[in-house]
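Data block below; observations after.
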Amino acid sequence: MAAGVATWLPFARAAAVGWLPLAKKTMPKPPIDNSSKSDEILYVNVSGVRFQTWKNTLDRYPETLLGSSEKEFFYNEDTQEFFFDRDPEMFRHILNFYRTGKLHYPRNECIQAFDEELAFYGIVPEIIGDCCMEEYRDRKKENQERLAEDTEANEGVDAPLPPNSTSRERLWRAFENPHTSTMALVFYYVTGFFIAVSVIANVVETVPCRPPLGSVKDLPCGEKYKVPFFCMDTACVLIFTFEYLMRLFAAPSRCNFMRSVMSVIDVVAIMPYYIGLVMPENEDVSGAFVTLRVFRVFRIFKFSRHSAGLRILGYTLKSCASELGFLLFSLTMAIIIFATVMFYAEKGTKGSTFTSIPASFWYTIVTMTTLGYGDMVPNTIAGKIFGSICSLSGVLVIALPVPVIVSNFSRIYHQNQRADKMRAQQKVRMARIRMAKRGTANAFLQYKEDRNIGDPDGCVKNRSAFDQQHNHLLHCLEKTTNHEFTNEMNYSELCMTESVGFKTSRSTSLSSHQGAQNNSSGCCPRRARRRAAMRLANSTVSVSRGSVQELDTLHLKTTCIPPQTRSSLNAQMCDMKLNCGDPDFTAAIISIPTPPANSPDESLPPSPAPMLGILRNTRATAYIQDSVKISSL
Amino acid sequence: MLSAIWETEGLQTVGIVVLVFASIKLLHLLGLISFSEDSVEDELELSTVRHRPEGLEQLEAQTRFSRKELQILYRGFKNECPSGVVNEDTFKDIYAQFFPQGDASTYAHFLFNAFDTDHNGSVSFEDFVMGLSILLRGSIQEKLNWAFNLYDINKDGYITKEEMLDIMKAIYDMMGKCTYPALREETPRQHVEIFFQKMDKNKDGVVTIDEFIDCCQNDENIMRSMHLFENVL
């Protein structure tokens with residue numbers, strides 16, 4: 001119920017005294033209202049701006065944040081006020097809603113910010129007053145459309161194909177998005193070229209060429225050079241037919257494709273040629289044949305696949321159908337009225353061109369569109385008066401729906417421009433985001449390095465508390481899953497070298513390991529890669545030795561094992577903590593305790609975790625590939 | 001021949017007449033000429049009626065509300081009706097919101113008349129608060145008096161059967177259609193009969209104020225329920 005109603009409730013209840021003498025039964029007991037009746041002023045501090053209001057005002061809407069006990073969570077005992085860390089400008093509108101019962105939408109605010117504030121304060125947007133509802137809804141719809149477009153553009157047509165798509169799907173893809181492959185691009189341009197050639201040929205055919213020797217009359221070029229034009233036409237039609245058949249084959253849904261506008265245009269463009277082929281050279285049907293040749297001009301519409309602007313125009317006209325319909329209807333009405341009047345006005349004059357009402361239609365149309373050819377002119381005074389009224393009203397009637405169509409076109413065109421711009425900027429954006437992600441990922445690796453090199457808590461680089469805690473969290477995850485974070489380069493290397501690893505001899509691993517004494521993986525990715533590869537080799541070799549062990553992954557805490565003890569179950573990770581010397585055992589692990597001469601600089605433990613699960617030769621590959629990539633932070 | 005001439009001349013006249021009218025309308029639209037003398041006054045809007053209540057002390061003296069209560073009441077009242085008065089349509093709207101299933105407009109009309117003690121077509125804050133004072137803080141006598149006033153539609157001091165029937169129908173209208181047991185046509189009438197049997201001592205077909213008060217005071221149920229709404233505010 002609205003706020004005002006709550007105010008009137010005591011009055012309505014009091015008026016119920018009027019029913020008492022009439023009551024057939026006894027009245028029920030009233031509810032006991034223990035709340036204090038006195039009103040108090042509440043202080044609400046929103047980011048430093050202090051608002052004061054009666055408690056009753058806020059109690060009007062008990063299902064919102066401010067009206068319910070939820071606001072107690074925000075109560076600040078020291079200052080005896082409710083503190084909200086939100087936008088004070090928006091809060092003004094929220095509070096006004098409590099005061100007046102009507103929620104208004106401020107026009108200069110972002111719609112999403114406003115929605116968020118409403119959601120925070122527990123107010124449903126549906127109660128926005130009528131004065132602002134339209135604006136709110138329009139803005140919201142616009143915003144949603146824009147977001148939908150953006151996500152569509154993001155995930156949409158530029159996404160790479162799934163790897164196991166059939167040739168048919170790939171063909172269709174190539175047709176729809178020419179810039180995905182060079183073949184498609186070539187085909188795209190070739191068809192475009194041939195469309196242009198075909199259209200120009202049609203046009204040039206009718207230009208009068210110099211007559212052949214021995215004749216006086218000018219011949220159109222089409223007649224003079226019959227054979228070349230015929231060859232050109234045939235070539236174009238062959239290409240178009242081939243293209244159409246390819247599209248038909250590749251289309252995911254042939255029925256839908258055949259019903260689409262573009263395919264109809266394609267068919268209409270090539271049909272006349274084939275009909276012309278099968279038609280006999282007969283004088284009677286040549287008239288119909290000529291009509292068919294007209295349809296060849298529809299080939300120009302095939303350009304709409306190549307031009308976005310043309311498509312937009314078509315789409316605009318479709319979306320403005322109602323305005324166009326209105327325009328047409330009003331024009332028709334006006335034409336009929338004025339034609340009738342003009343006919344009767346000019347009826348008596350001798351030699352008048354207004355021979356019938358339909359004949360006057362032509363005059364009316366020409367006048368209303370302010371063309372004024374002058375082939376039909378009124379002579380009487382009445383005719384001239386009505387003629388001038390006709391032209392004046394024509395301007396008005398035509399000018400009215402045009403801005404609507406123009407604004408529609410502008411909106412759609414700009415949307416399209418925006419989509420293109422977004423796509424172009426997307427690449428830059430994605431690159432930047434990837435860089436940022438890699439930065440944070442590298443930070444974690446750097447952190448791991450530092451821990452193993454020197455300080456107990458990596459204080460050298462002066463990390464913020466947030467970073468430290470975040471790194472600790474990632475560390476815990478590593479421990480939990482018994483996998484390690486690595487970066488992309490290492491991961492790809494690992495994938496590549498896993499096959500090599502089986503063949504690596506022991507000696508090479510040893511040497512490489514001892515060679516990699518001073519390591520700081522963060523700045524030497526190559527060395528890190530090599531090290532990781534060697535370590536991978538290390539572990540796979542050990543695996544191939546058939547040393548199988550069951551491990552409980554979750555409770556894994558291993559110690560570093562120098563290469564000398566590879567014969568043992570060296571499916572173990574390096575301990576990240578500095579006290580590398582302490583062997584941490586869990587029940588499931590059967591491991592040989594590490595000799596204390598543990599090189600603490602084995603910072604990068606074998607990333608592939610062959611210790612996961614049961615180790616077998618055949619499954620080593622799988623585990624290696626399981627090594628964790630850096631998650632997107 | 002003649003007809004042709006008439007046609008053209010007739011059309012000529014029509015054209016000229018149309019032109020003249022159009023130009024006059026255009027000039028009128030542009031504001032260069034005006035037809036009637038009182039067109040200027042039409043532009044002035046009637047300012048809305050604003051009403052300010054009496055002082056707080058006076059109201060305190062006249063009613064049984066405390067200062068604080070009056071303040072709370074007035075703030076609520078003024079918030080809903082910034083102009084300071086409630087007219088009948090607003091009153092009906094407000095009351096109808098409490099009884100969404102039925103049609104509360106008739107009863108609201110009677111209620112409005114009961115509150116509008118000076119019968120000027122609008123309920124000001126004083127009327128409102130006086131009525132509330134009687135209903136919530138008044139003596140039994142005052143309350144019964146008020147109820148009698150409500151039932152007595154033409155304020156002549158007698159409740160007739162027709163008046164009672166109107167009131168009863170208005171009350172049953174508020175119930176709406178969906179009731180259990182279903183409302184029948186003669187239910188209000190029967191209720192009126194019961195009422196009159198109880199109240200009309202001398203069987204003269206009308207109920208006077210004394211009969212009403214006597215009868216109610218002797219009825220235990222009514223007496224008990226009179227204290228129901230005392231702590232509404």
Side-chain angles (χ1 to χ4, degrees), chain A residues 1-34 37-40 54-57 60 98-101 341-350 352 379-389 392, chain B residues 4-5 7-16 18-19 22 68-69 71-73 75-77 79-80 94-95 97-98 107 110-111 114-115 128 131-132 134-136 143-144 146-148 150-151 164 167-168 171 191 194-195 199 212 215-216 219 221-222 224-226 228-233:
Chain A
M1 278 188 174
V5 179
T7 318
W8 291 101
L9 185 60
F11 151 73
R13 294 181 70 200
V17 168
W19 303 335
L20 294 179
L22 306 174
K24 282 185 180 166
K25 300 243 178 83
T26 47
M27 292 288 175
K29 276 199 158 17
I32 302 170
D33 190 7
N34 281 335
K37 290 286 176 253
S38 68
D39 212 354
E40 44 166 334
W54 292 109
K55 187 164 179 301
N56 276 359
T57 311
R60 282 190 195 152
Y98 285 92
R99 291 178 179 140
T100 61
V341 170
M342 289 309 294
F343 171 70
Y344 281 113
E346 290 285 311
K347 194 159 162 202
T349 44
K350 231 186 318 199
S352 145
N379 287 318
T380 60
I381 297 181
K384 288 189 178 158
I385 291 175
F386 288 112
S388 43
I389 297 178
L392 285 175
Chain B
I5 296 175
E7 265 178 24
T8 49
E9 287 215 357
L11 272 167
Q12 217 165 309
T13 327
V14 168
I16 293 175
V18 164
L19 256 183
K68 264 199 179 298
E69 287 169 335
Q71 280 180 340
I72 296 178
L73 276 173
R75 281 204 296 267
F77 186 82
N79 219 6
E80 294 316 307
I94 292 167
Y95 206 72
Q97 294 197 30
F98 292 108
Y107 188 71
F110 295 134
L111 207 54
F115 268 94
F128 177 68
L132 272 187
I134 294 177
L135 288 171
L136 298 178
K143 288 183 190 170
L144 290 174
W146 190 90
F148 186 85
L150 172 67
Y151 304 146
M164 203 61 234
I167 300 268
M168 202 61 78
I171 293 181
H191 201 158
I194 297 170
F195 177 77
M199 300 281 168
F212 182 70
C215 189
C216 287
D219 188 332
N221 272 343
I222 298 180
R224 229 187 332 217
S225 51
M226 276 288 163
L228 265 182
F229 296 106
E230 266 168 18
N231 53 356
V232 161
L233 198 57

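All heavy atoms count here, side chains included; hydrogens, waters and symmetry mates do not. These numbers come from a predicted model, not from an experiment. So you know, we letter chains A, B, ... as the sequences are listed, proteins then strands, and number each from 1.
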Quiz item: Name the one of A:Met342, A:Lys347, A:Glu346 that satisfies side-chain contact (heavy atoms from CB on, under 4.5 Å) with A:Tyr344?
Solution: A:Lys347
Quiz item: For the atom pair OG1 (A:Thr380) and CD (B:Gln12), what is the distance rounded to the nearest 0.5 Å?
Solution: 7.0 Å
Quiz item: Does any heavy atom of chain A fall under 4.5 Å from the side chain of B:Met199, the backbone, both, or neither of them?
Solution: side chain
Quiz item: Between B:Trp146, B:Tyr151, B:Tyr95, which has the largest tally of heavy atom pairs under 4.5 Å with chain A?
Solution: B:Tyr151
Quiz item: For B:Phe128, is it the side chain, the backbone, both, or neither that has a heavy atom closer than 4.5 Å to a heavy atom of chain A?
Solution: side chain
Quiz item: Does the pair B:Leu135 and B:Phe115 meet the rule for a side chain to side chain contact (heavy atoms under 4.5 Å, CB included), with working shown?
Solution: CA-CA 11 Å; B:Leu135 288 171; B:Phe115 268 94; 4.2 Å; yes
Quiz item: Looking at B:Gly76, B:Gly131, B:Ser225, which makes the most heavy-atom pairs under 4.5 Å with chain A?
Solution: B:Ser225
Exercise. Begin with the C-alpha distance, continue with both residues' side-chain angles, and end with the deciding distance and a verdict on side chain to side chain contact (heavy atoms under 4.5 Å, CB included) for B:Leu150 and A:Trp19.
Key: CA-CA 10 Å; B:Leu150 172 67; A:Trp19 303 335; 6.0 Å; no
Quiz item: In terms of heavy-atom proximity below 4.5 Å to chain B, should A:Phe11 be classed as side chain, backbone, both, or neither?
Solution: both
Quiz item: Hey, does the side chain of B:Lys143 reach the backbone of A:Val17 with a donor-acceptor pair shorter than 3.5 angstrom?
Solution: no
Self-check item: Which atoms of A:Ile385 approach chain B - backbone, side chain, both or neither, heavy atom under 4.5 Å
Solution: side chain
